[in-house]
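Some notes on the structure that comes next.
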Amino acid sequence: MLDINVIRETPAIVRKALTDRQMDAMPVEQIAQLDVQRRTCIQEAERLKAERNTVSKEIGKMKDPAQRQSKIEAMRLVGEQIANLDEQLRQIEEQLTAIAATIPNLPDARAPYGKDDSENQVIKVVGEPRVFDFEPKPHWDLGPALGIINFEQGVKITGSRFYVLSGAGARLQRALIAWMLDLHIRQGYTEKYTPFMVKAETLFASGQLPKFRENLYHDAEEDYWNVPTAEVPLTGLHIGDILDEAQLPLTYTAYTPCFRREKMSAGRDVRGIKRGHQFDKVEMYIFCKPEESDTLLEKMRADAEQTCAGLGLPYRVKQLCTGDLGFCARFTYDLEVWSPGCGEWLEVSSVSNVGDFQARRANIRYRPEGGGKVRFLHTLNGSGLGMPRTLIAVLENYQQADGSIVVPEALRPWMGGVDVIR
RNA sequence: GGAGUGAUGGCCGAGUGGACGAAGGCGACUGACUUGAAAUCAGUUGUAGGUGUACGCCUACCGGGGGUUCGAAUCCCUCUCACUCCGCCA
């Protein structure tokens with residue numbers, strides 16, 4: 001959520017942000033109009049409330065019954081006017097937040113302008129794609145051949161876009177999760193295990209509702225929503241809190257499954273395990289002071305890079321252009337690993353500085369040391385990493401001519417001595 | 001699932017229709033005293049919104065929502081959450 005004052009005082013900046021994101025700037029005008037109506041309404045309602053308060057106090061002290069009764073009558077009328085104005089105000093504010101809630105964050109000035117993902121900029125490439133002396137296979141051939149991925153069983157028990165990992169495949173994914181969590185703990189993050197279902201308020205706080213409703217799974221009976229990313233429960237941990245400056249930054253890591261309808265990408269990436277309705281992910285999340293968020297974004301990116309590097313996977317770092325930035329993000333790095341079987345770079349991590357956007361929605365603030373006004377803090381999130389794509393990269397990069405897979409050194413402690421999956 | 005109790009400021013805790021934005025205590029901050037500290041004394045100590053150049057003034061907020069009333073922390077309804085007891089189950 002943007003600061004209403006920013007929209008009110010510098011509408012041109014907000015309009016530019018929206019057009020840079022290839023979006024319609026109309027909501028800015030609607031908000032400006034509603035804001036004027038809102039303030040007119042508040043002023044009149046509060047004037048009447050002040051009058052009622054003073055007269056009501058006088059009524060309490062009045063002796064003359066006739067005079068008293070006439071004041072009570074007068075105040076009854078004032079009360080009706082107030083009720084009308086309050087109702088008007090409620091409607092105006094409802095419209096105002098409905099519109100404001102769908103306006104994305106302002107891109108950072110450093111985010112390059114671009115109309116879509118084709119204009120994201122590669123800023124770094126690390127590692128050489130491995131040269132194969134045979135034709136590398138995609139994971140959807142390797143996995144079933146080794147009996148570690150079973151697509152038919154996933155479809156049988158649930159449906160399309162679901163799969164089952166088996167034996168060393170299931171264990172390999174578990175090893176990845178455990179290794180990543182331990183790595184992030186060493187990097188200074190505190191591990192959290194959170195609910196995988198949350199209420200609507202929590203999804204609003206992290207920016208998924210109301211805009212991305214159609215991409216979420218929802219249990220109507222209990223009004224529980226399945227999390228689409230650990231970012232949601234992690235943001236939610238501090239909804240409504242006022243933290244002490246000395247507590248910051250709070251750095252968390254969490255493993256959760258993620259549930260997404262993927263309605264927007266129906267028919268895309270249907271082959272393999274790249275895009276499913278359910279996948280596992282390890283996430284990093286930081287609550288910090290505004291002044292330190294840019295620095296911490298670089299640390300978080302470095303932390304995410306260590307996961308790719310630690311697995312010996314060739315990867316590259318992209319800076320997202322304005323047209324491809326996520327709804328909440330001001331500035332984002334994507335990490336992509338090379339997948340020789342699919343023949344493409346796979347996005348395994350997205351590391352973003354959200355600024356105070358989620359903090360406003362979630363009402364998370366901190367009290368500066370030595371007093372002073374409470375301020376909204378900044379939040380950052382980054383995957384470290386997304387499972388299926390990391391698993392794809394491991395399978396495809398570590399394959400051998402005979403179809404077996406070498407287990408990366410880093411994961412072996414969790415693989416019970418297995419160094420080659422065959 | 002059944003029965004009961006409760007939810008008040010950073011924390012504890014009083015308050016059952018008007019003088020309550022809320023006693024008292026703790027904590028924190030400022031000042032005085034002190035070489036310094038402790039102790040003591042005095043003062044300050046919530047959030048949000050509106051309005052004015054400004055000391056300020058006004059409005060709202062006592063778990064959430066609704067109602068009664070000229071007026072609600074206080075009365076009524078409802079929801080949520082916590083705790084206690086019983087039942088059931090992993």
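Every chain is numbered from 1 and lettered A, B, ... according to where its sequence line falls, protein lines coming before strand lines.
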Using the P atom as the point on both nucleotides, what is the distance between B:C76 and B:A7, in whole Å?
14 Å
Under 3.5 Å, which N/O atoms of the protein pair with N/O atoms of nucleotides 18-23 of chain B?
residue	atom	partner	partner atom	Å
B:G18	N2	A:Ser56	O	2.6

Whether A:Lys289 and A:Glu245 form a salt bridge (side-chain N of Lys/Arg under 4.0 Å from carboxylate O of Asp/Glu) is what I want to check.
yes
Give the table of side-chain donor-acceptor pairs shorter than 3.5 Å for residues 411-422 of chain A, with sequence neighbours excluded, one pair per line with atom names and distance.
residue	atom	partner	partner atom	Å
A:Arg412	NE	A:Val407	O	2.8
A:Arg412	NH2	A:Val407	O	2.8

Rounded to the Å, how far apart are A:Lys61 NZ and B:C70 C1'?
14 Å
What is the distance, to the nearest angstrom, from the CG atom on A:Leu48 to the C1' atom on B:G71?
15 Å
Nearest-Å distance for atom pair CD1/C1', residues A:Ile242 and B:G9
11 Å
Go ahead and name the base partner of B:C29; Watson-Crick or wobble counts if both distances stay under 3.5 Å, otherwise write none.
B:G43
Paired nucleotide for B:A82 [Watson-Crick or G-U wobble; both distances under 3.5 Å]:
B:U5
When you compare B:C58 with B:G52, how far apart are their C1' atoms, in angstrom units rounded to a whole number?
11 Å
Is the ring pair A:His238/A:Tyr252 parallel, tilted or perpendicular, if the boundaries are 30 and 60 degrees?
parallel
Can you measure A:Glu201 atom CD to B:G64 atom C1' for me and round it to whole angstrom units?
10 Å
With nearest nucleotide decided by heavy atoms, which residue, A:Arg365 or A:Ile72, maps closer to the 5′ end of RNA chain B?
A:Arg365
Below 3.5 Å between N/O atoms, which protein atoms pair up with nucleotides 51-54 of chain B? Just atom names and distances, please.
residue	atom	partner	partner atom	Å
B:U51	OP1	A:Gln43	NE2	3.0

CA sep, side-chain torsions, deciding dist, call: A:Glu46, A:Lys49, salt bridge (charged side-chain N to carboxylate O under 4.0 Å, His left out)
CA-CA 5 Å; A:Glu46 291 194 347; A:Lys49 282 179 187 175; over 6 Å; no
We want to know whether A:His218 and A:Asn226 form a side-chain donor-acceptor pair, criterion being a heavy-atom distance below 3.5 angstrom.
no
How far does the C1' atom of B:G10 sit from the matching atom of B:C85, given to the nearest Å?
34 Å
Between A:Arg161 and A:Glu262 (salt bridge meaning N to carboxylate O under 4.0 Å), is one present in this structure?
no
Which side-chain N or O atoms in residues 229-237 of chain A pair as donor and acceptor under 3.5 Å with protein atoms at least two apart or in another chain?
residue	atom	partner	partner atom	Å
A:Thr229	OG1	A:Glu231	N	3.0
A:Thr229	OG1	A:Lys281	NZ	2.9
A:Glu231	OE2	A:Gln358	NE2	2.7
A:Glu231	OE2	A:Asn381	ND2	3.4
A:Thr235	OG1	A:Glu231	O	2.6
A:Thr235	OG1	A:Tyr285	OH	2.8

Run the side chain to side chain donor-acceptor pair (under 3.5 Å) test against A:Asp294 and tell me which residues pass, sequence neighbours left out.
A:Arg110, A:Asn353
Of A:Glu73 and A:Asn5, the one whose closest nucleotide on RNA chain B sits nearer the 5' end is A:Asn5
Which base sits across from B:A14 as a Watson-Crick or G-U pair, both distances under 3.5 Å?
none
Counting Watson-Crick and G-U wobble pairs only, both distances under 3.5 Å, name the nucleotide matched with B:A22, or none.
none
Who does B:A73 pair with, Watson-Crick or G-U, both distances under 3.5 Å?
none
Does a side-chain N-to-carboxylate-O contact under 4.0 Å join A:Arg39 and A:Asp35?
yes
B:U45 versus B:G24 - spacing of their P atoms, nearest Å
13 Å
What N/O pairs connect the protein and nucleotides 57-60 of chain B at under 3.5 Å? Give each pair on its own line.
residue	atom	partner	partner atom	Å
B:U59	OP1	A:Asn53	ND2	3.0
B:A60	OP2	A:Asn53	ND2	3.4

Nearest-angstrom distance from the residue atom CD1 of A:Ile82 to C1' of B:G71:
11 Å
Strand partner of B:U34, provided both Watson-Crick or wobble distances fall under 3.5 Å
none
Under 4.5 Å between any side-chain heavy atoms of A:Met197 and A:Tyr217, yes or no?
no
Please give the distance between the C1' atoms of B:U74 and B:A22 as a whole number of Å.
12 Å
Distance, P atom - from B:U35 to B:U47, rounded to whole angstrom:
38 Å
Does A:Lys211 have more than 12 heavy atoms from other residues, nucleotides or ligands lying within 6.0 Å of its NZ?
yes
In whole Å, what separates the C1' atom of B:G63 from that of B:G6?
11 Å
Side-chain N or O of A:Arg38 less than 4.0 angstrom from OP1 or OP2 on B:G50?
yes
Measure CD/A:Gln247 against P/B:G10 and give the value in whole Å, please.
14 Å
Short N-O contact, A:Asp303 and A:Lys299, less than 4.0 angstrom:
yes
Complementary nucleotide of B:U68, counting Watson-Crick and G-U pairs under 3.5 Å:
none
Answer yes or no: is there an ion pair linking A:Asp223 with A:Lys199, defined by an N-O contact shorter than 4.0 Å?
no
Expressed as a whole number of Å, how far does the C1' atom of B:C89 sit from that of B:C79?
27 Å
Whole-Å distance separating the CZ atom of A:Arg360 from the C1' atom of B:U47:
15 Å
Could you tell me the separation between the CG atom of A:Asn363 and the P atom of B:G49, rounded to a whole number of Å?
10 Å
Presence of salt bridge, A:Arg389 and A:Glu336, under 4.0 angstrom
no
Sort out the partner of B:C55 for me: Watson-Crick or G-U wobble, both distances under 3.5 Å, none otherwise.
none
